[in-house]
Amino acid sequence: MQYGKKLVKEFDLDAETLEKELNEALGETPIDSILLDSVGDFKPEMIVKGKVVRLSGEYVFIDIGYKSEGLIHITEFDDPTVVKPGLEVEVLIEELDDGEGMILLSKRKADRIRSWEKVIQLYKEGDEVQGMATRKIKGGLLVDIGVNAFLPASQVNIRRTEDIGEWIGKEIKARIIKIDEERMNIVVSRRKLIEEEREALKSKLMEDIEEDQVRKGVVKNIADFGAFVDLGGLDGLLHITDMSWGRVNHPSDMLKIDQEIEVKVLKIDRERDRVALGLKQLTPDPWLSIEENYPAGRKVVGTVVNIKDYGAFVKLEDGVEGLVHISEMSWTRRVNDPREVVNVGDQVEVVVLDVNKEKQEISLGMKQAEVNPWDLVESNYPPGTIIVGKVRNLTNYGAFIELQEGIDGLLHVSDMSWTKKVTHPSEMVKKGEELKCVVLSVDRDKKRIALGLKQLDQDPWDHDIPSRFHIGDTVTGKVTKLTNFGAFVELEEGLEGLLHISELADHKVDNPEEVVKPGQTVDVRIIKIDPEERKVGLTLVQAHYGAGGEGGESSKKAASTTSSPMLEAETNTLAAQLRSVGEKIEAREAAEAEPQAEAKSETQAEASAEASPAEEGEKEPETNEGSEAEEEGKD
């Protein structure tokens, strides 16, 4: 239109002149008739033939015999290089006048309609067609069978395909399942065609197949429980338990999709069209000769394939696994978790302990493949051996000393000191400390070694203590502990004596705390030494605190000659009291020895001499009672 207006302006003709020249050119025929004859019966949505007149940029001008030329974009041609003037094409009229005097045409729509008409003439619903998958759209694929047909994703295969895009560019055979002429849509199914083909193959297969047959198949699907194998029209199930005599963690460890394999037919259910297949059944069951191949005591090498809290499973060969219980992993180590010793994939040497053919179980031992260190303990650590070890653990009753890896000895609290009463091992040793001990005994069967610390030194009760401490000696000590039966006095480091409650004063004492206090320093006299029971008995007073009634006048005289104001002043202290007791005893002995003593004095001395053993006899049970109380207190 713009082009026509430009011509009119160029010649600048008035309306009268233009009409005159037009009539002369047309002659007697009316212009309306001429235009009607030349335009013909054209209308939108009509397919007409045309001829390419010229190309201008991206547009192609086509003459369809109308009063004006039509216009098509070059991209509507499949191959733009063949578009040249004179080329005849079929086009669809979209609009007869676009507002500028041009006709809008579409070659693509005309081609689609012609292709649709051709397909409709050739095919009907149920027919088999073949075409190439061109692209992926929502819900499926477009397949070019002359026109684009829709292939739903669910109809691509028997089993749903995860990525239907892998079919793009591939030739596909399918069955037409729906034709919508009004919308010009065709729906096809590849699955339906496959199912029909498989149904025919299945009928033939079910006629021929028998149990125990060996057949070839193709793996079509893999699940956690097994794999489906296409036998040719029917899928059989190869269960994971029938894949190998050995352990299979997942079917994909043994099989791949589209892999061709040989299988054995185990069971056929013809009513439900089901077939059970086996792969391991193609080889002999290794458990049939298990007792001959793995007798008890045989040493073999295997691979750790699985670990549980109670032990590790070791693969000896395909289909044969044995269990190494956690208790059979080490002679000496306390294994809490098998992973402390082995990991999956480790090669281990084991010994067959037991075989149960019926239950298909083999018991294995790892420690039995090594020398039991307890078999060498008696020779390596005979009694009397001096060892140095690390304190590994402390208990209420002693300390465990590590002699070598996995071999511990027990140092009991009673073997830590000759003289000190040890209530807990922490008083003598510390965890992690290097300690020297002596082996006392070895029990290989019970896996026990007794150690001693005090035995490194001579027992002081054999000679040292009896030689330095005597009955009647006065010694100085410190009160360490009070009990309801008396007080314990430390005479030197590691040596204590019992000051029985009856030896605290010459009168009855209800509570030792009335006389002494913990930490108080006291002077005591030894009244008993028992090396066998390792006990020392002490006293603060004698049976008779004063001299009255024992030595008569001579005793009083002797006592008076040895007394002094200073001594009387010191009697308020415990030490002074003990010294006073000693002086009175000496005075009594002097009075008994005097030859000119009066008869009365001699009689009194004899009575005193007779009374003394009796009194001492009465006192001894008290001492014994104190010793028994001491033993009870220590326990």
Side-chain angles (χ1 to χ4, degrees), residues 294-304 307 309-314 316 322-343 346-355 362-417 425 428-459:
Y294 298 97
R298 180 182 174 185
K299 186 182 292 187
V300 293
V301 176
T303 304
V304 178
I307 298 178
D309 292 338
Y310 52 84
F313 288 92
V314 178
L316 305 182
L323 172 64
V324 179
H325 193 267
I326 193 171
S327 62
E328 303 295 344
M329 290 187 168
S330 175
W331 288 111
T332 55
R333 290 179 58 183
R334 183 186 296 274
V335 182
N336 297 314
D337 189 325
R339 296 167 187 83
E340 299 173 5
V341 182
V342 295
N343 294 305
D346 286 354
Q347 294 285 321
V348 293
E349 190 174 38
V350 293
V351 172
V352 178
L353 304 181
D354 184 55
V355 176
I362 298 181
S363 297
L364 304 174
M366 287 174 58
K367 67 183 183 182
Q368 288 80 1
E370 303 173 350
V371 177
N372 185 356
W374 283 97
D375 293 339
L376 307 176
V377 163
E378 289 180 331
S379 59
N380 292 340
Y381 303 102
T385 303
I386 304 297
I387 60 96
V388 176
K390 181 179 291 187
V391 179
R392 191 180 59 81
N393 194 23
L394 299 180
T395 66
N396 291 331
Y397 53 84
F400 285 95
I401 313 298
E402 186 179 48
L403 308 185
Q404 66 182 63
E405 184 178 2
I407 302 292
D408 290 349
L410 174 63
L411 174 59
H412 197 270
V413 289
S414 62
D415 290 310
M416 290 186 176
S417 174
M428 298 290 293
V429 298
K430 295 180 180 180
K431 189 174 180 179
E433 175 186 1
E434 292 284 341
L435 195 66
K436 182 187 289 188
C437 297
V438 61
V439 177
L440 303 182
S441 64
V442 176
D443 190 330
R444 186 186 66 177
D445 296 334
K446 294 183 178 181
K447 296 182 173 58
R448 294 177 182 174
I449 299 177
L451 304 176
L453 181 61
K454 69 182 184 182
Q455 287 82 358
L456 293 173
D457 302 319
Q458 186 177 1
D459 186 354

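This one's a predicted model, so the numbers in the text were calculated from it and none came from an experiment.
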inquiry  = Is it the case that the side chain of Lys367 and the backbone of Ser327 share a donor-acceptor pair, with hydrogens and angles ignored and the cut-off at 3.5 Å?
reply    = yes
Worksheet item: How about Arg448: does its CZ atom have over 12 heavy atoms from other parts shown lying under 6.0 Å from it?
Response: no
Distance-only, no hydrogens or angles: does the Asp346 side chain make a donor-acceptor pair with backbone N or O of Val348 under 3.5 Å? no
Under 4.5 Å between any side-chain heavy atoms of Val341 and Pro338, yes or no?
no
Side chain to side chain contact (heavy atoms under 4.5 Å, CB included) test vs Ile449 passes for just one of Leu410, Thr385, Ile407, Ile387, namely Ile407
Taken to the nearest 0.5 Å, the spacing of Ile401 CD1 from Lys436 NZ works out to 14.0 Å
In short, Ala399 meets Leu394 closest at the heavy-atom pair CB-CD2, 3.5 Å
One should read off an interatomic distance between Glu370 CD and Gln368 CD, to the nearest 0.5 angstrom, of 9.5 Å
Gln404, CD atom: more than 12 neighbouring heavy atoms under 6.0 Å
yes
Test item: Lys454 side-chain N/O and Ser414 main-chain N/O as donor-acceptor pair under 3.5 Å: yes
Of all heavy-atom pairs linking Pro383 and Leu440, the shortest is CB-O, 3.5 Å
On a heavy-atom basis, the closest approach of Asp415 and Leu451 is CB-O, 3.9 Å
Separation between CG (Leu353) and CD (Glu328), nearest 0.5 Å, reads 5.5 Å
Met416 and Met428 have their tightest heavy-atom pair at O-CE, 3.6 Å
Taken to the nearest 0.5 Å, the spacing of Ser417 OG from Leu453 CG works out to 8.0 Å
- Query: Would you say Val352 and Leu364 make side-chain contact, with heavy atoms under 4.5 Å?
  - Reply: yes
Donor-acceptor check, side chain of Trp374 to backbone of Arg444, threshold 3.5 angstrom: yes or no? no
So CG of Leu316 and CZ of Arg298: to nearest 0.5 Å the spacing works out to 8.5 Å
Taken to the nearest 0.5 Å, the spacing of Glu402 CD from Leu435 CG works out to 13.5 Å
Heavy atoms of Thr395 and Pro425 approach each other most closely as O-CG, 2.9 Å
### Query
Do the side chains of Val350 and Val300 get nearer than 4.5 Å, heavy atoms only?
yes
Glu378 and Val442 have their tightest heavy-atom pair at CG-CG1, 3.8 Å
